[in-house]
Each structure stands twice: as C-alpha cells, then as structure tokens.
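Just follow the structure's listing: the first ligand is 1, and inside any ligand the first atom is 1. Since the structure is predicted, the reported quantities are computational estimates derived from the model, not experimental observations.
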Amino acid sequence: MTDTTIRLSRKKPENFDGDMLIYTPFVNDKEKIISGQIVAEQEFNDAVSIGDFDGKYGDTLLLYPAGNVKKKIAVRRVFFAGLGNVEKKNDNETRELLRKTGGLIAKEAGATKSTQLGICLESILSCAGEAGVESLVEGILLGDYRFVKYKSKSKKKEKGSFTGIKEIVIFSSGSKSNRKILKGIKRAVNSATAACKARDMANEPGNGWTPTSFAVYARSLAGKYKMTCTVLGKGDMKRLKMGGLLGVNQGSSEPPKLVILEYKSPKKEADTILFVGKGLTFDSGGVSLKPSAGMQDMKYDMCGGAAALSAMSVVGAEQPDVNVIAIIPATDNMGGSSALKPGDIIKHYGGITSEIVNTDAEGRLILADSLAYGIKRYKPTCVVDLATLTGAVILGLGHHRTGLLGNSQELIDRIVRAGDKSGEPLWQLPLDEEYTEQIESDVADIKNSGGRPAGTITAAAYLQKFVGKIPWVHLDIAGTAWDFTKKSYIPKGPSGIAVRTLVELVRDWKKFS
Ligand code: BES
Ligand code: MN
Ligand code: ZN
C-alpha cells in the first residue's frame, strides 16, 4: 500500500480507463445474485449462466470486456468478488468478510499487475452501508503489502514484479452520503497505514531496526502530530534504577532506549490510557541461548512495541477524546561477556528484586520497569501492555488468537470487543492468585520464570506485581504477531497484529468507570 491514492468519483464507471474495475455482488435470501448496474453486463450474465460465478463469498470472476465494441468499455479488466449472503451476517462478520474480499482484490491486482483500480459501490452500499466501504478499503490496503527494501534493484525490476496499487477510484455514483464514505476511507487509510508500518518495522532485521530506530520514529511522529516524545538512554535508566531493562541490555553493545510518546487530548478531564509495548529488537535468549533453528524469527520480538508506536500515528492523526501515552522499552537480548547470568539478581524500578533463572525470560524484565515507571510517572486511568512474551501462548491458542489477561474485566471486555471488530480475535486466560506461587523465589522477591506449566499466565503474574490496583490488561501476541491465521489480507511474516485493535479501542473511547 505504499503511496496509494484514493479518491471518490461521481463519474460513470463506464468511462474508467484504469487497469481493473471491481464489483462485489452479493446473494439474497432467495439465492439471487444482486450486482446492481454493471458494465459488461452481458459477459457477466453469460458467465453466471454457465455456472462460472455464483456470488458466494470467495467466488471471483475476471472478465476482459474491451472487445465489446457496441458498449465501448474503456477498462481492460472487470473483476467480480462475491460477498455471499451478507444480510445473514452480523456487523463484525460483515466487516471481516469485506476486509477479506479487499484482500482478494489486492491479490488479483497483484496477479494482473493492475495499479489503477476502480471500485463500484452500489452493491456494497445496499448490503453493508457506508461502513462496508471502510472495511473493504482497509482489506485492500492491508492485502497490498510487500517488503522489498532489501531486494537489490535488478531483482526488483525483474519481469513479474509489481510495486503495488497506485490509485483507487471509488465510484459512489448517486450516493448522497459521500461525506460518510470519505470519513470511512480516511479511517481505513489511517489504520491500514499504521498496521503496514508495524509490519515494516518487524520485517527489518535486527541490524536494521534497533532501539534507536524506535526513538527516531517516535520523534518523527511527535513532530508531525504535536505529540511529546521523551527518550531515556542508559544514563537515565541508571539514575532511575531500571535494573530490568539495564540487565537485559547488559550483554549487548547496542544501547537501550526507553521511548515515550504522549498524546494530549484537547478535551479537558479526559482519561489517560498507557500502552506499553515490548520492543525487543532481537532475542537470542542471552546466556540461556535459544536453539539456532528458527532463531532468525526473533527479530520479530519487537512487535508489541511496533504495534504501540504505530497505533500512536493514528492517535495523532485522529485526535481522539482520550490522552494516550505509549512507552516502548527497547533493547536486544544478547549473550556478550557482561551479559546477565542465570542466578543473578536484579532490582527493578521501584525496588522489587528478581532472581534470573532464565535469561530468555527477558520480556517481562523490560516490561516490569516500564509498567512501574509509566504508572508512577503518568498516573494513567488504565494500562494495556502488549508483548511477544511466551512460546506457551502458541501451545494454548495457536496462531489464531491473541491471549489476554488482566485485573479489570471492564478493560478486558473493551479490548475483546475492539479485537472482534478489527478481525484480531483474542481469548482470555485466567489469572488467579495461585499462579503467583510459581514465581516465588528463595533468594529474591520473585523469580523470572515459573517453569513450563501455564507459562503465559505466570509471565502475566510477573507483570501484575508491577501494576498494583490500576486497571490493566496484558496481550500476549507471540502467536499472532507473525504467522497469524491465514487470510487474504494478512501477508506471510509479520501481521501488524494489535495495531487496529488499539486504534479501535481509543476511537470513541467512553470514560472509564
Ligand atoms: N520472545 C520469547 C517468546 C516467544 C517464543 C515468542 C516463541 C514467539 C515465539 C520470550 O522472550 C521467551 O523466550 N520466552 C520464554 C520464557 C521462558 C524461558 C520462561 C519461552 O516462552 O520459552
Ligand atoms: Mn526470550
Ligand atoms: Zn523475547
């Protein structure tokens, strides 16, 4: 979706001379295909009559109507993507179906190297309203994602390469609600751009996206949207006694950063939400070294930080009625000669001591300092942290749902609703007292691993020690940040998970009780 421009047109689609014109027919209760007015009507009817298109969701049809001299159709390709029986779906199902249809459209654009698309809205508006346009556009932009930065020029130019959709013309012919449609498009562009930016950060290798990169990007957002950026360096961390973040960084020559970005709502007496995202730019495991097979994927261990910071770009652009602060503790986890060792004891910001039994359980160490510091310094109304924290969440939920735990059912419910609305489903895990026993230490206040049983829960129990009574939710995105459930608008590799959930959470935020 690099630099895709989108515009509304009141002109007739017949005259569109781009690469591909798109219709999204649906099916009504009587199994009848409803397509609205279409160019290439005869060709379409022929295809339907021989059974090549039934309008069901996922069914597609590509026509080349330029040979139809009578009608003088300018466009080279007409693409139909069926929606099925939308009327039987609830709102969230419809949103997801349209996003996925958007993903299919992006795939077809890629396959045919179509850079200029025209989209005819008639059928979408009649079955899903203006909100449907937002989901469709979001799906197209999310689906039209590629990361080619490190492909050398000659490779990029090889025959068959496609650099993405350049222009989308939306034919809203006759619709009286262009303002609403435009607003939806804007939201879709904001959220998809942010999710794609999070994917870009994650796709960067450990030597391409460093803690300093988080700081640089946060500063650029602060400049663009009048937000406040503060970057704490190693000296500040020493002064503040952030033994967790410093400890994890100890085996690395790459300096750590604690990146803070603050958005202040123009509304007086607004709530304040604090996001804390794990920005571990490469997790080797440290002295408790990870197995080498698949270790390269640990460049994705910064996806929580990427999501928190990317969501802030939408916050800046949309200015919601709630203050939002993002804190990203950023470092890599290496095993240099001064690295943390199993058995070492560290002291977190605020004074809690922790016995390091496994240097690979580093995420909770950097989050603990950040949660404690963020809560003390900014006194937020509530806190959401997100992290690729445990392999255990993959054993429990696979790659289809993000795990979530917390101390406030109200906040948990809000996030689950935001996730369902965004096509990023979550699943709550319990966080009972008993699990805390697993992280009791003989020599320090707590230890940093509770062993294999309930690994995701004991990790959350560790974090809970640093949040106290404040409403807090923890998202474990280890299973969903990459290799996320297969769908048309989710590419291979990093998914950008949680960006759109966070965005949805802050849009229309209602005062927290
Ligand atoms: N970043 C990993 C978690 C992870 C593992 C994410 C696999 C995605 C895929 C985290 O830092 C980690 O290593 N966790 C350990 C904790 C254990 C040592 C208590 C784990 O899950 O094995
Ligand atoms: Mn680790
Ligand atoms: Zn990690």
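Under the ring pair (Phe, Tyr, Trp, His ring centres under 6.0 Å) criterion, W482 pairs with Y300, sequence neighbours left out.
Heavy-atom neighbours of W509 CH2 from other residues, nucleotides or ligands within 6.0 Å: above the threshold of 12. Other residues, nucleotides and ligands contribute more than 12 heavy atoms inside 6.0 Å of the NZ atom of K290.
The shortest contact between atom 18 (C) of ligand 1 and any protein heavy atom is with N358 ND2, 3.3 Å. Closest to atom 9 (C) of ligand 1, if we only count protein heavy atoms, is M298 CE, 3.5 Å. Looking only at heavy atoms of the protein, atom 2 (C) of ligand 1 is closest to D283 OD2, 3.6 Å. The protein non-hydrogen atom at the shortest distance from atom 15 (C) of ligand 1 is D360 O, 4.0 Å. Atom 17 (C) of ligand 1 has A361 CB, 4.3 Å as its closest protein atom, hydrogens excluded (heavy atom only). With respect to atom 8 (C) of ligand 1, the closest heavy atom belonging to the protein is W482 CH2, 3.3 Å. For atom 14 (N) of ligand 1, the nearest non-hydrogen atom of the protein is L389 O, 3.4 Å.
One finds a salt bridge joining R507 and E318 here, because a Lys/Arg side-chain nitrogen approaches an Asp/Glu carboxylate oxygen to under 4.0 Å. Salt-bridge check for R500 with E424: passed, with a basic side-chain N closer than 4.0 Å to an acidic carboxylate O. Salt bridge annotation for E96-K89: absent, with no cationic side-chain nitrogen under 4.0 angstrom from a carboxylate oxygen. Under the 4.0 Å criterion applied to side-chain N and carboxylate O atoms, K341 and D344 are assigned as salt-bridge partners. Salt-bridge check for E362 with K278: passed, with a basic side-chain N closer than 4.0 Å to an acidic carboxylate O. Here K186 does not pair with E134 in a salt bridge; the nearest charged N to carboxylate O distance is not below 4.0 Å. The pair R239-D236 meets the salt-bridge criterion, with a side-chain N (NZ, NE, NH1 or NH2) lying under 4.0 Å from an Asp/Glu carboxylate O.
Among the backbone and side-chain atoms of D283, an N/O/S atom is found under 2.8 Å from the Mn ion (ligand 2).
By the 6.0 Å and 45° rule, K226 does not stack over the aromatic ring of Y263.
Distances from atom 21 (O) of ligand 1 to the heavy atoms of A478, G391, A387, G450 put G391 nearest.
If you take CG on L221 and NZ on K197, they are separated by 8.5 Å, rounding to the nearest 0.5 Å. How far CZ of R199 is from OH of Y145: 7.0 Å, rounded to the nearest 0.5 Å.
Counting atoms of ligand 1 from 1 in the listed order, those under 4.0 Å from a heavy atom of S449 are 19 (C). Less than 4.0 angstrom separates some heavy atom of K278 from each of these atoms of ligand 1: 1 (N), 10 (C), 11 (O). Ligand 1 places these atoms under 4.0 Å from at least one heavy atom of T388: 1 (N), 2 (C), 3 (C), 6 (C). In summary, the atoms of ligand 1 found under 4.0 Å from a heavy atom of E362, numbered by their order in the structure, are 11 (O).
A donor-acceptor pair shorter than 3.5 Å can be found between the side chains of S252 and D332.
Around the Zn ion (ligand 3), the protein contributes the following N, O or S atoms under 2.8 Å, ordered by chain and number: K278 NZ, D283 OD2, D301 OD2, E362 OE2.
The shortest N or O to N or O distance between R364 and ligand 1 is not under 3.5 Å. Considering backbone and side-chain N/O atoms, D301 comes within less than 3.5 Å of an N/O atom of ligand 1.
Atoms OE1 of E362 and OD1 of D360, as seen from the Mn ion (ligand 2), are separated by an angle of 120°, to the nearest 10°.
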